[in-house]
Amino acid sequence: MDNQEHQMTLGTNDRLAELFQKYVDKSITEEEYAELFVYIRNPETKDQVLAFLDEHNKKVQSDALVHEIDWDGMYANITNPKKSAGRERKPLWKYVAAAAVLVVASVTIYYTAIHSYQKSSPLAYHNDVLPGSEKAVLTLSDGSEIVLDHTAAGKLATQGDILIEKDANGQIVYVAKSQSDEAAPKINTLSTPAGGKFSLVLSDGSKVWLNASSSIKFPAAFTGDARRVEIKGEAYFEIAKDKRKPFYVRNGSSEIKVLGTHFNVMAYPDEYRSALTLLEGSVQFTKNGQSQLLKPGKQIIYTESENETKQQEANIEEVMAWKNDLFVFNNTSIDEIMKELTRWYDVKIKYEGEKPDISFTGVIPRNTNVSKVLKTLELTGDVVFGIENNVITCEKKMKK
């Protein structure tokens with residue numbers, strides 16, 4: 001190495017040290033933040049990045065972990081912007097910057113992995129899979145179906161006195177043209193496939209978001225003294241208040257009664273347990289004749305086959321990750337992660353040899369190709385993946 005190259009290397013190392021230190025001190029500017037990621041993403045400076053991490057690994061990783069779990073302020077500002085009214089709003093990049101710690105930690109993990117494990121598995125990424133998107137099928141009371149994937153905005157159908165429209169935001173809206181007095185309500189079903197999500201506004205103004213592989217059965221118009229729907233899979237609700245007509249959500253043998261509130265229900269048939277999580281208001285949960293009240297920030301865990309339920313503090317960020325287009329993993333097992341990937345990317349999973357006994361903590365965008373998610377998981381150094389014909393192969397990586 002000549003003197004000029006040596007001086008450039010020293011300059012790069014000094015600048016990296018300065019930028020990383022400013023990042024962990026939270027004093028980094030927007031321009032410096034962008035500059036830091038130029039270094040991290042540039043293959044030509046990879047050796048300098050790894051050398052720096054070798055020297056400062058413990059400090060960077062320790063500070064990063066503290067920063068990584070500081071979700072409260074970021075979550076409140078992203079998901080509830082109205083609650084921030086009257087206060088100074090921080091630039092969006094400062095919230096996004098929290099995700100930078102994942103890249104820093106991932107590079108650190110990568111450094112450890114390449115020094116501790118043998119050469120890569122022969123598995124390969126022969127093809128990639130796009131993330132899920134707005135896809136659903138609406139089944140009307142007469143059995144006719146409307147595929148909503150590419151349906152243009154405007155009128156879709158009518159059900160009695162209810163007009164069904166697709167609005168400019170892509171959601172389905174049920175609009176009451178007049179007060180319905182039908183004795184037999186017209187039951188509709190909205191279903192999302194694997195790799196799909198969708199939202200709708202019911203005739204009472206309540207809003208529902210469906211995750212992948214989910215469905216909701218509901219009347220086009222709510223009649224009588226109650227509003228009742230039935231779900232499978234996962235859905236998030238924002239219920240319009242109506243003290244005269246309580247809202248009921250049915251899933252198997254369980255029922256949720258609400259007046260006006262925000263909550264999430266996760267009840268996939270292939271999950272070993274279901275969960276009701278309350279964000280706002282109050283709900284009454286009933287299963288097999290036994291009822292209990294739930295307060296905001298709490299969660300009820302239950303199974304369809306057993307009577308026992310468990311009430312606990314909820315990890316709201318993790319629960320609401322799917323609606324915010326994120327994967328949020330909190331010591332999540334590889335089995336649970338793979339189930340999420342099968343639903344969102346519409347893929348199958350195959351384990352090669354011994355199933356890896358690992359868990360993962362981190363945040364990954366859901367609006368990215370599956371290869372990027374898998375490569376992030378591979379940075380743990382314990383697992384390797386391959387993709388071929390929409391089948392993800394998962395293999396434990398052997399230590400030396």
Side-chain angles (χ1 to χ4, degrees), residues 64-65 67-81 83 92 95-103 105-106 129-135 192 194-199 207-214 231 233-238 262-268 270-280 296-301 312-347 358-370 372-377 379-380:
L65 290 174
H67 192 183
E68 179 182 344
I69 62 175
D70 184 20
W71 276 91
D72 292 342
M74 181 170 67
Y75 176 78
N77 280 278
I78 292 175
T79 60
N80 295 298
K83 294 185 178 181
L92 180 61
Y95 301 127
V96 177
V101 75
L102 298 172
V103 177
S106 295
V129 182
L130 296 173
S133 59
E134 301 285 334
K135 290 186 286 189
T192 57
K197 63 176 182 175
F198 224 86
S199 62
K207 298 177 181 180
V208 186
W209 287 259
L210 288 183
N211 201 353
S213 301
S214 303
I231 71 156
E234 184 165 23
Y236 170 69
F237 292 84
E238 292 185 356
H262 300 179
F263 60 96
N264 190 83
V265 183
M266 189 282 291
Y268 285 107
D270 62 344
E271 293 286 356
Y272 72 94
R273 52 82 169 146
S274 299
L276 163 64
T277 307
L278 184 63
L279 281 76
E280 181 181 307
K298 298 288 187 177
Q299 181 180 67
I300 291 177
I301 303 297
Q312 62 186 29
E313 291 290 334
N315 184 329
I316 299 298
E317 295 85 0
E318 188 175 356
V319 170
M320 295 305 299
W322 70 270
K323 184 175 177 291
N324 296 321
D325 287 327
L326 294 170
F327 293 112
V328 175
F329 301 127
N330 183 20
N331 198 30
T332 307
S333 71
I334 195 70
D335 263 347
E336 292 178 81
I337 292 173
M338 291 300 105
K339 283 181 182 179
E340 286 202 49
L341 298 190
T342 59
R343 288 193 285 263
W344 184 234
Y345 291 97
D346 192 14
V347 294
I358 65 170
S359 58
F360 183 83
T361 296
V363 183
I364 306 172
R366 279 214 323 174
N367 57 0
T368 188
N369 289 3
V370 74
K372 292 185 178 180
V373 178
L374 299 177
K375 288 174 181 177
T376 302
L377 297 174
L379 294 174
T380 62

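Starting from 1, each residue takes its place in the sequence as its number. Values in this document were obtained by computation on a predicted structure and should not be read as measured data.
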Could you give me the CA-CA distance, side-chain angles and deciding distance for Val363 and Glu317, then say whether side-chain contact (heavy atoms from CB on, under 4.5 Å) is met? CA-CA 10 Å; Val363 183; Glu317 295 85 0; over 6 Å; no

Apply side-chain contact (heavy atoms from CB on, under 4.5 Å) to residues Trp322 and Met266 and explain how you reach the verdict. CA-CA 11 Å; Trp322 70 270; Met266 189 282 291; over 6 Å; no

I'd like to know whether Leu377 forms a side-chain contact (heavy atoms from CB on, under 4.5 Å) with Met338, so could you lay out the CA-CA distance, the side-chain angles of the two residues, the decisive distance to 0.1 Å, and finally the verdict. CA-CA 11 Å; Leu377 297 174; Met338 291 300 105; 4.1 Å; yes

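Put simply, CG on Asp335 and CD1 on Ile358 are 10.5 Å apart, with the number rounded to the nearest 0.5 Å. Rounding to the nearest 0.5 Å gives a distance of 13.5 Å between CH2 of Trp209 and CD of Glu234. Interatomic distance, CG of Leu326 versus CD1 of Ile364, reported as 10.0 Å (0.5 Å rounding). In this structure, Arg343 CZ and Tyr268 OH are separated by 5.0 Å, a value rounded to the nearest 0.5 Å. Here the CH2-CG distance, from Trp344 to Asn211, works out to 7.0 Å after rounding to the nearest 0.5 Å. The distance from atom OG of Ser133 to atom CZ of Phe198, rounded to the nearest 0.5 Å, is 9.5 Å.
Between Leu341 and Leu374 the shortest side-chain heavy-atom distance falls below 4.5 Å. With contacts defined as side-chain heavy-atom distances shorter than 4.5 Å, the pair Leu278/Lys298 does not qualify. Between Lys207 and Tyr236, the closest side-chain pair of non-hydrogen atoms is not below 4.5 Å. Within the 4.5 Å cutoff, side-chain heavy atoms of Ile231 are placed close to those of Val265.
Within 6.0 Å of NZ in Lys323 there are more than 12 heavy atoms belonging to other residues, nucleotides or ligands.
Residues forming a side chain to side chain donor-acceptor pair (under 3.5 Å) with Asp325 (at least two apart in sequence, or on another chain): Lys197.
Scanning all heavy atoms of the two residues, the minimum distance from Phe327 to Glu340 falls at CD2-OE1, 3.5 Å. Across all their heavy atoms, Pro131 and Asn367 have their closest contact at CG-C, 3.8 Å. Residues Ile316 and Gly297 come closest through the heavy atom pair CD1-CA, 4.4 Å. Residue Ser214 comes nearest to Ala212 through the heavy atom pair OG-O, 3.0 Å, listed as atom of the first residue, atom of the second, then distance. Summarising the geometry of Gln299 relative to Ala314, their closest heavy-atom pair is CB-CB, 3.7 Å, with the distance given to 0.1 Å.
The backbone N or O of Asn330 sits less than 3.5 Å from a side-chain atom of Thr332, completing a donor-acceptor pair.
Residue Phe360 forms a side-chain contact (heavy atoms from CB on, under 4.5 Å) with just one option from Thr376, Leu379, Asn331, and that option is Thr376.
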